[in-house]
Amino acid sequence: TMDLGTNTAGQLGLTQTELNNLLTPTTLYFYNYGPTTVSAPITFSPTYVYLYSAGALTTTAGLTAPGMLYIDGGTTVSLGGTITAPTSNLSASGAFTQNAGANIAVSGNLSMSGSALTLNGNTSGGDVTLSADAMTIGGTVSSAANIGVNTRNFIPVNVGVSTKSG
């Protein structure tokens with residue numbers, strides 16, 4: 001288990017102070033083959049940040065990056081904090097959930113995908129692409145340019161628009 005934000009007994013835990021000691025101008029990788037948690041607000045300094053968990057990836061606090069932020073959950077992703085970056089790719093092999101009150105603010109391209117995509121917070125980007133087998137959009141999705149909604153298996157997606165028959 002990995003915890004970014006808190007030193008928890010029995011886990012690999014890195015606080016913001018410890019992360020500040022990882023000096024690289026370009027790329028910082030975090031790979032974990034078990035569950036990963038972001039338990040306190042984290043601000044990264046490298047241009048590219050990759051956060052991968054083969055298990056569940058859960059954030060209860062915000063993440064900020066000055067460049068590209070990749071978040072990939074091998075099973076599920078549950079966002080509980082604000083994500084801020086110029087460009088971001090957020091994905092899960094299983095369900096991807098943005099909890100109520102969790103905002104995603106990306107000034108450039110934003111790509112989000114999962115088997116099931118649930119967006120309950122505010123999401124914004126320059127160009128936004130949403131890809132999933134099933135999708136529920138309960139929060140606002142806004143774009144400075146384009147929004148693309150794609151299914152991965154050609155199943156209809158309900159984005160909250162109803163049609164009136166007759």
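None of these values were measured; they are calculated from a predicted model.
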**Prompt:** How about Thr8 and Thr1: do any of their side-chain heavy atoms sit closer than 4.5 Å?
**Reply:**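 Sidechains of Thr1 and Thr8: no contact.
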**Message:** Between Ile71 and Ser88, is there a side-chain heavy-atom distance shorter than 4.5 Å?
**Reply:**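 Sidechains of Ile71 and Ser88: no contact.
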Can you tell me how far apart [atom1] ([X]) and [atom2] ([Y]) are? Round to the nearest 0.5 Å.
X	Y	atom1	atom2	value
Leu119	Met112	CG	CE	4.5 Å
Phe44	Thr27	CZ	OG1	12.5 Å
Leu57	Thr76	CG	OG1	8.0 Å
Leu23	Asn20	CG	CG	8.5 Å
Tyr48	Thr24	OH	OG1	12.0 Å
Leu22	Ser45	CG	OG	8.5 Å

**Asked** For Met2, what residues pass the side chain to side chain contact (heavy atoms under 4.5 Å, CB included) criterion, not counting sequence neighbours?
**Response**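 Once residues adjacent in sequence are excluded, the partners of Met2 under the side chain to side chain contact (heavy atoms under 4.5 Å, CB included) criterion are Leu4, Leu12, Phe30, Asn32, Thr36.
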**Item:** Test side chain to side chain contact (heavy atoms under 4.5 Å, CB included) applied to Tyr33 - qualifying residues, sequence neighbours left out
**Value:**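 Residues passing side chain to side chain contact (heavy atoms under 4.5 Å, CB included) with Tyr33: Ala54.
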Between [X] (side chain only) and [Y] (backbone N and O only), is there a donor and an acceptor less than 3.5 Å apart?
X	Y	answer
Thr75	Ala56	yes
Ser143	Gly126	yes
Gln98	Leu117	no
Ser53	Gly34	yes
Asn122	Asn103	no
Thr82	Ala102	no
Thr47	Pro25	yes

Could you pull out the closest heavy-atom pair between [X] and [Y], with the gap in Å?
X	Y	value
Ser39	Thr6	OG-OG1, 2.6 Å
Ser115	Ala95	OG-N, 3.5 Å
Pro46	Pro66	O-CG, 3.3 Å
Met135	Asn150	CE-O, 4.0 Å
Ser107	Pro86	OG-CA, 3.2 Å
Ala105	Ser124	CA-OG, 3.7 Å

**Request:** Tell me yes or no: between the side chains of Thr97 and Asn120, is some donor less than 3.5 Å from an acceptor?
**Result:**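 Note: Thr97 and Asn120 side chains miss the donor-acceptor criterion.
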**Asked** Do Tyr52 and Val77 belong together in a cluster built from hydrophobic side chains that touch within less than 4.5 Å?
**Response**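 Shared cluster, no.
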**Request:** Find out if a path of hydrophobic residues (ILVMFWY) with successive side-chain heavy-atom gaps under 4.5 Å connects Met68 to Val49.
**Result:**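 Per the 4.5 Å side-chain linkage, Met68 and Val49 are not co-clustered.
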**Request:** Can you sort out the partners of Tyr70 under ring pair (Phe, Tyr, Trp, His ring centres under 6.0 Å), two or more places apart, ordered by chain and number?
**Result:**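 Tyr50.
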**side-chain contact (heavy atoms from CB on, under 4.5 Å) partner of Leu63, the single match among Leu79, Ile104, Leu51, Thr43** =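 Single pass found, and it is Leu51.
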**Request:** Going by the side-chain contact (heavy atoms from CB on, under 4.5 Å) test, name the single residue among Asn89, Leu69, Leu90 that passes it with Leu110.
**Result:**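 The side-chain contact (heavy atoms from CB on, under 4.5 Å) with Leu110 is passed solely by Leu90 among Asn89, Leu69, Leu90.
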